[in-house]
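The structure presented is a predicted model; accordingly, all values stated were derived computationally and were not measured. Protein chains get the first letters and strands the later ones, always in sequence-line order, with residue 1 at the start of each.
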Number of protein chains: 2
Amino acid sequence: MERLLDGSLSEAPSFLLARANARSLAQGNAALVPLKLKVRSYAVLALACGPERPSQKELAQFLRLDPSQVVALVDDLEAQGLVERTTDQADRRTKVVVATDIGREREREARAALDEADTIVFRSLTAAERAALAALLRSVALDD
Amino acid sequence: MERLLDGSLSEAPSFLLARANARSLAQGNAALVPLKLKVRSYAVLALACGPERPSQKELAQFLRLDPSQVVALVDDLEAQGLVERTTDQADRRTKVVVATDIGREREREARAALDEADTIVFRSLTAAERAALAALLRSVALDD
DNA sequence: TATTGTTATACTCTATAACTATA
DNA sequence: TATAGTTATAGAGTATAACAATA
């Protein structure tokens, strides 16, 4: 079947990027099912666990999501008791999203699950190649 | 705002992959708007231009799409006169998708547009780095 | 008047199952 | 009975506009 592999499509970086990402996303979401998270909601939870105390606005900008999507993600995490919304006293329009203790514990479990998923997705690469890939991707991903 | 960049999320390969892909997909689709194509439909068109004469089943497997999605993509391309469905005489259940002359011309234009989009997406990389990225991604993307 | 978060809506994408015609 | 393609449908994901509270 894979005679189509010879085509020029298989050389287009954007095609390879899309396919690698599809694998990574599928593995990641599958690994997070038992933790009632998805890759999207994990990203919000992970940021809420950091010391930066991000607002929803900042989450939307950093994750390149529409603010209305962040609402839905935070709603879900809050309903699970993993994060809390606290209104910033300096500007009472903005709501800061912080993880609860349960949220921090869940985040650790999720990170471990995602690490395991990554070992599957990137199993064909050596550790050095994996680091090189991360560096190249960082350059592409964070280039504004 | 980008103080969130310090977080551990920014080091997760799957996060970087997702973000790089989002950029690539957005740029690619934007570049294809004038040609009435999307990255998805371009992939089908490109394969229909090759000498392999793929069936819809093969397209679905190679592109990791559900057969019903391939139907919709081929419908769109066919409505534009870019591809034709011909029933395989050896097995009259299977339909082979081949590009028309107009389709081949459109594919060339689309490839040029996507190449240009890629120069933007991957502008932070040297040619050698770009090749290295493609090789690493190929390993990840095509590893079954 | 502008901004943060929210709600509502619609549009695309994706996944599933049932149907047809062929084998 | 099984397979290729098709149709229908529902669920995610995504984008947009309008609204409330605050600045």
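Grouped with V71(A) in a hydrophobic cluster is no other residue, since no side-chain heavy-atom contact under 4.5 Å to another Ile, Leu, Val, Met, Phe, Trp or Tyr is found. Hydrophobic clustering, defined by side-chain heavy atoms of Ile, Leu, Val, Met, Phe, Trp and Tyr closer than 4.5 Å, groups V98(B) together with V96(B).
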Enumerate the protein-to-nucleotides 21-23 of chain D contacts in which both atoms are nitrogen or oxygen and the separation is below 3.5 Å.
{"residue": "dA23(D)", "atom": "OP1", "partner": "R92(A)", "partner atom": "N", "Å": "2.9"}

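Between K95(A) and dG5(C) there is no side-chain polar atom (N or O) within less than 4.0 angstrom of OP1 or OP2. OP1 or OP2 of dT6(D) has at least one side-chain nitrogen or oxygen of R85(B) nearer than 4.0 Å.
Note: CG (L65(A)) to C1' (dG5(C)) measures 15 Å, nearest angstrom. Distance CG (D66(A)) to C1' (dT9(C)): 13 Å, rounded to an integer number of Å. Computed from coordinates, the K57(A) NZ to dT6(C) P distance equals 14 Å when rounded to whole Å. For E58(A) and dT3(C), the CD to P distance is 16 Å, given to the nearest whole Å. Between R64(B) atom CZ and dA15(C) atom P there is a gap of 12 Å when expressed in whole angstrom units. Rounded to an integer number of Å, the gap from CG of L63(B) to P of dG5(D) is 13 Å.
D75(B) is linked by a side chain to side chain donor-acceptor pair (under 3.5 Å) to R85(B), counting only residues two or more places apart in sequence or in another chain. Not counting sequence neighbours, the partners of S68(B) by the side chain to side chain donor-acceptor pair (under 3.5 Å) test are D66(B). With sequence neighbours left out, R23(A) forms a side chain to side chain donor-acceptor pair (under 3.5 Å) with no residue at all. For F122(B), there are no ring pair (Phe, Tyr, Trp, His ring centres under 6.0 Å) partners two or more places apart in sequence or in a different chain.
Of the residues in residues 68-78 of chain B, those lying under 4.0 Å from DNA chain D by heavy-atom distance are S68(B), V71(B). DNA chain C is contacted by K38(B) of residues 22-38 of chain B, taking any non-hydrogen atom closer than 4.0 Å.
Salt bridge status for R108(A) with E105(A): present, with a side-chain N to carboxylate O gap under 4.0 Å.
Not one N or O on the side chain of Q61(A) forms a donor-acceptor pair closer than 3.5 Å with the backbone of E58(A).
Listed by first and then second residue, the ring pair (Phe, Tyr, Trp, His ring centres under 6.0 Å) pairs that reach into residues 69-106 of chain B come to none, sequence neighbours excluded. Pairs of residues two or more places apart, or lying in two chains, that qualify as ring pair (Phe, Tyr, Trp, His ring centres under 6.0 Å) and include a residue from residues 14-57 of chain B are F62(A)-F15(B).
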Can you give me every donor-acceptor pair (side chain of residues 131-143 of chain A, partner residue at least two apart or in another chain, under 3.5 Å) with its distance?
{"residue": "S139(A)", "atom": "OG", "partner": "S124(B)", "partner atom": "OG", "Å": "2.6"}
{"residue": "D143(A)", "atom": "OD2", "partner": "R123(B)", "partner atom": "NE", "Å": "2.9"}
{"residue": "D143(A)", "atom": "OD2", "partner": "R123(B)", "partner atom": "NH2", "Å": "3.4"}

